[in-house]
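Worksheet for the structure shown next.
Quantities reported herein were computed from a predicted structural model and do not represent experimental measurements. The basis for the numbers below is simple: all heavy atoms, side chains too, and nothing from hydrogens, waters or symmetry mates. Chain A is the first sequence line, chain B the second, and so forth, proteins listed ahead of strands; every chain is numbered from 1.
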Amino acid sequence: MTPAQLADSVLAAVRAARASGDLVVDDAAVPGQTKVERPKNREHGDYATNIAMQLAKPAGRPPGEVAEAIAKHLATTPGVSRVDVAGPGFLNITLDAAAQGEIAAQVVTAGATYGRSDALAGQRVNLEFISANPTGPLHLGHTRWAAVGDAMGRVIEAAGATVAREFYINDRGIQMDRFGASLAAAATGEPVPEDGYQGAYIGDLAAEVVKEHPDYVDLPEPQRMEAFRDAGYALQLAQQKAVLDGFRTHFDVWASERAMHDSGAVDRGLAKLREQGHVFDADGAVWLRTTDFGDDKDRVLVKADGALTYFASDTAYYLDKRARGFDVCIYLLGADHHGYVNRLRTVASCAGDDPDFNIQVLIGQLVKILKDGEEVKLSKRAGDIVTLEEFVEEVGVDAGRYTLCRYPVDSPLTLDIAEMTLQKAENPVFYVQYAHARISSVIRNAADLGLVATLDGFDAGLLEHEREGDLLGKLAEFSRVVASAAELREPHRVARFLEELAGTYHRFYDGCRVLPMGDEAVTDLNRARLLLCAATRQVLANGLDLLGVSAPERM
RNA sequence: CCCCCUGUAGCUCAGCUGGACAGAGCGGCGGACUUCUAAUCCGCGGGUCGCAGGUUCAAGUCCUGCCAGGGGGACCA
């Protein structure tokens with residue numbers, strides 16, 4: 001029996017209590033849905049519900065009495081062995097071992113699809129993240145969004161939505177010109193402009209451009225800057241793609257700002273906003289009246305000199321996403337873009353959308369990094385950066401992705417490079433992966449004995465040991481963890497769950513011998529435990545896959 | 001001046017969208033391998049959940065006000 005099924009049984013018991021007259025309460029007070037929780041304390045049964053405390057007030061009776069009324073009917077549910085009323089009015093439910101053990105069979109039957117749900121079915125989600133300027137290598141900040149964004153996409157897909165991962169390339173504007181000028185200067189041995197890019201990579205990139213196009217050096221300005229700009233852009237973008245590929249982060253759409261302007265999407269977007277009646281002209285500029293929706297000031301779309309602002313691009317880009325058929329546009333931005341949130345929301349409002357549904361801007365806090373006990377300041381302009389590439393070289397893809405994914409994005413993160421490399425073995429990712437490898441080893445050894453985990457003759461009722469119950473309970477939680485991780489856009493919940501599951505397995509392994517010792521005969525209990533192992537390995541593998549982390553068979 | 005994020009054990013952080021005595025890892029101390037991977041397990045110490053009010057049967061969790069740290073305000077990118 002799954003927690004969801006048990007929760008339905010709780011509601012059924014409430015209905016039965018009302019039908020029999022044991023419980024008198026207004027129909028409107030009974031929730032349409034409820035959930036059961038795993039109590040922290042094992043003495044409180046396998047599951048607990050607080051439904052009686054919720055109904056106490058509308059029923060006008062003490063929680064304890066309401067609980068007793070419901071318990072009487074819940075106790076008759078097949079698979080439920082005991083119902084106790086405890087504390088201020090909790091219903092503590094204990095399941096038959098067989099009803100609980102059934103979970104293992106369900107996991108093995110569902111295989112790689114266990115944990116998937118239809119919680120977000122039908123939604124078309126556009127997930128934009130990283131969106132770095134193509135003027136330099138991806139750095140540590142981008143690395144966090146690469147790991148979290150990719151995992152978030154996988155988690156949301158597992159909840160039944162369709163997801164397009166999108167990378168927005170800011171490939172036009174003053175920054176690009178400065179990038180081009182910096183490359184041209186480096187190629188000709190001139191000093192890099194003060195407002196240009198200073199990193200050592202600029203010299204390398206310039207040399208690469210010159211190698212391919214020796215004639216660029218002799219071009220007159222501004223053609224020389226433009227030639228270096230565009231050639232450097234192509235090289236840098238290719239480098240970013242290659243590095244992300246190595247980090248197992250893949251995008252469905254690479255959206256070019258320049259292409260969007262050329263395609264007329266910007267003009268179409270502005271026209272649509274005019275239709276909605278929120279555009280006006282003043283002081284020679286074109287404005288969007290975002291104050292209609294709570295912004296503290298109106299925003300300029302087209303400057304007095306006729307140039308489009310970045311806000312115009314961002315606005316048009318959002319409208320373009322919607323025109324391409326996406327219901328929900330998720331933005332994963334760094335804390336330094338916090339000022340965008342309200343503006344983007346008002347754009348949605350101006351376009352006639354629901355800013356609480358169609359657009360969702362997630363602000364991630366910055367990553368600090370300690371090296372030799374000191375904070376490394378990140379500044380792309382000064383060239384003082386830790387790149388994604390360097391980060392992966394130091395800690396590896398699995399450890400890097402996992403470490404960045406196991407924290408909520410709205411908490412600032414401090415990582416110590418030395419600790420991450422020296423304490424590799426203590427990293428939680430190895431703890432989880434080790435559980436997977438350990439189970440794989442047990443299953444290999446079982447195969448040597450001619451034992452294969454199978455549903456034939458699986459007797460769930462034999463799994464009576466406390467640690468077996470703990471493990472089964474954990475396995476049952478996975479579906480809800482994935483669904484809530486998707487709904488809340490918090491993939492770190494999957495990582496934390498995996499750590500708990502791995503710990504629960506290690507304790508089970510410690511307390512419950514799976515395979516027969518020596519020349520003992522194979523029992524049904526051996527078979528049942530082997531199936532439990534197979535189910536656990538499946539959930540570990542499914543969870544690690546959601547984070548883009550490998551599930552090794554051996555370590 | 002205004003807005004956002006954070007404040008939980010010595011350190012790094014969880015806390016299941018309000019529940020029953022506040023958790024994990026690391027660090028410290030002490031135990032457990034003659035048979036399934038000891039990258040594991042078990043035990044011991046360690047916290048006025050920033051402060052003060054409020055809502056509730058119930059607050060680390062929700063509301064208000066302070067305090068501290070970080071980030072941000074533009075016809076910048």
Side-chain angles (χ1 to χ4, degrees), chain A residues 35 37-41 43-44 48-50 53-54 56-57 62-63 86-90 92 133 135 170 173-176 178 195 283-287 296-297 299-305 307-312 334-342 363-366 368 370 406-416 419 423-428 430-431 433-435 437-446 448-449 477 480-481 484-485 487-488 490 492-493 495-497 499-500 502-503 505-507 509-520 526 529-530 533 554-555:
Chain A
K35 61 174 187 177
E37 296 195 333
R38 288 278 307 171
K40 277 178 273 185
N41 188 335
E43 289 164 19
H44 294 148
T49 171
N50 61 359
M53 287 181 277
Q54 290 172 2
K57 196 169 217 175
F90 289 102
N92 292 336
N133 291 346
T135 55
N170 286 116
I174 292 175
Q175 286 302 319
M176 286 301 288
R178 287 176 180 161
D195 57 2
D283 306 327
V286 180
W287 301 68
D296 46 5
K297 57 177 293 186
R299 306 289 171 177
V300 172
L301 291 164
V302 186
K303 298 189 227 177
D305 64 5
L308 290 161
T309 62
Y310 272 77
F311 177 61
D336 52 339
H337 287 68
H338 148 257
Y340 277 11
V341 179
N342 266 324
I363 294 298
Q365 295 301 309
L366 304 177
K368 271 188 212 163
L370 298 176
R406 70 187 289 268
Y407 302 100
V409 290
D410 53 8
S411 75
L413 198 51
T414 306
L415 298 176
D416 191 316
E419 257 179 49
Q423 301 190 347
K424 248 183 152 178
E426 273 80 45
N427 191 307
F430 291 97
Y431 184 77
Q433 287 183 316
Y434 178 65
R438 199 177 212 187
I439 299 173
S440 298
S441 172
V442 171
I443 289 174
R444 277 193 302 271
N445 293 337
D448 291 343
L449 297 173
E477 283 178 40
R480 211 195 80 225
V481 168
S484 66
E487 286 165 353
L488 298 170
E490 293 184 345
H492 79 275
R493 288 168 187 273
R496 298 294 173 161
F497 168 80
E499 289 165 31
E500 289 172 15
Y505 180 78
H506 287 312
R507 282 184 286 278
Y509 179 91
D510 192 59
C512 300
R513 175 81 196 186
V514 177
L515 301 178
M517 301 235 268
D519 49 5
E520 286 177 7
N526 294 133
R529 284 179 173 170
L530 185 62
C533 286
R554 297 171 197 273
M555 286 176 77

For A:His492, what residues pass the ring pair (Phe, Tyr, Trp, His ring centres under 6.0 Å) criterion, not counting sequence neighbours? none
Enumerate the protein-to-nucleotides 19-22 of chain B contacts in which both atoms are nitrogen or oxygen and the separation is below 3.5 Å.
unit_1 : atom_1 : unit_2  : atom_2 : d
B:G19  : N7     : A:Asn50 : ND2    : 2.8
B:A20  : OP2    : A:Lys40 : NZ     : 3.1
B:A20  : N6     : A:Asn92 : OD1    : 2.7
B:A20  : N1     : A:Asn92 : OD1    : 3.1
B:A20  : N1     : A:Asn92 : ND2    : 3.1
B:C21  : N4     : A:Asn41 : ND2    : 2.7

Just to confirm, is there a sub-4.0 Å distance from OP1 or OP2 of B:U56 to any side-chain nitrogen or oxygen of A:Lys57? no
Output all residues satisfying side chain to side chain donor-acceptor pair (under 3.5 Å) with A:His506, sequence neighbours left out; order by chain, then residue number. A:Arg438
Qualifying residues under ring pair (Phe, Tyr, Trp, His ring centres under 6.0 Å), relative to A:Tyr505, sequence neighbours excluded: A:Phe508
Report the residues that fulfil side chain to side chain contact (heavy atoms under 4.5 Å, CB included) with A:Asp283, sequence neighbours left out, ordered by chain and then residue number. A:Trp287
Residues at least two apart in sequence or cross-chain that pass side chain to side chain contact (heavy atoms under 4.5 Å, CB included) with A:Asn170, listed by chain then number, are A:Asn133, A:Tyr168, A:Glu257, A:Tyr310
In whole angstrom, give me the gap between the P atoms of B:A59 and B:G18. 14 Å
Using a 3.5 Å limit on both pairing distances, list the dot-bracket string of RNA chain B from the 5' end; Watson-Crick and G-U wobble pairs count, crossing pairs take [ ], interstrand pairs take |. (((((((..((((.....[...)))).(((((.......))))).....(((((..]....))))))))))))....
What's touching nucleotides 28-36 of chain B from the protein side, N or O pairs under 3.5 Å?
unit_1 : atom_1 : unit_2   : atom_2 : d
B:U35  : O2     : A:Gly518 : N      : 3.3
B:C36  : O4'    : A:Arg513 : NH2    : 3.2
B:C36  : O3'    : A:Asn445 : ND2    : 2.7
B:C36  : O2'    : A:Asn445 : ND2    : 2.5
B:C36  : N3     : A:Val514 : N      : 3.3
B:C36  : N4     : A:Tyr509 : O      : 3.1

Residue set satisfying side chain to side chain contact (heavy atoms under 4.5 Å, CB included) with A:Glu487, at least two apart, ordered chain then number -> A:Ala119, A:Leu120
Once ring pair (Phe, Tyr, Trp, His ring centres under 6.0 Å) is applied, do any residues pair with A:Tyr407, and if so which ones, sequence neighbours excluded? none
Applying side chain to side chain contact (heavy atoms under 4.5 Å, CB included), can you list everything that pairs with A:Asp448, at least two apart in sequence or on another chain? A:Asn445
Sort me out a list of protein N/O and nucleotides 13-15 of chain B N/O pairs below 3.5 Å, or just none if empty.
unit_1 : atom_1 : unit_2   : atom_2 : d
B:C13  : OP1    : A:Pro412 : O      : 3.4
B:C13  : OP1    : A:Thr414 : N      : 3.0
B:C13  : O2'    : A:Arg496 : NH2    : 3.0
B:A14  : OP1    : A:Ser411 : OG     : 2.8
B:G15  : OP1    : A:His492 : NE2    : 3.0

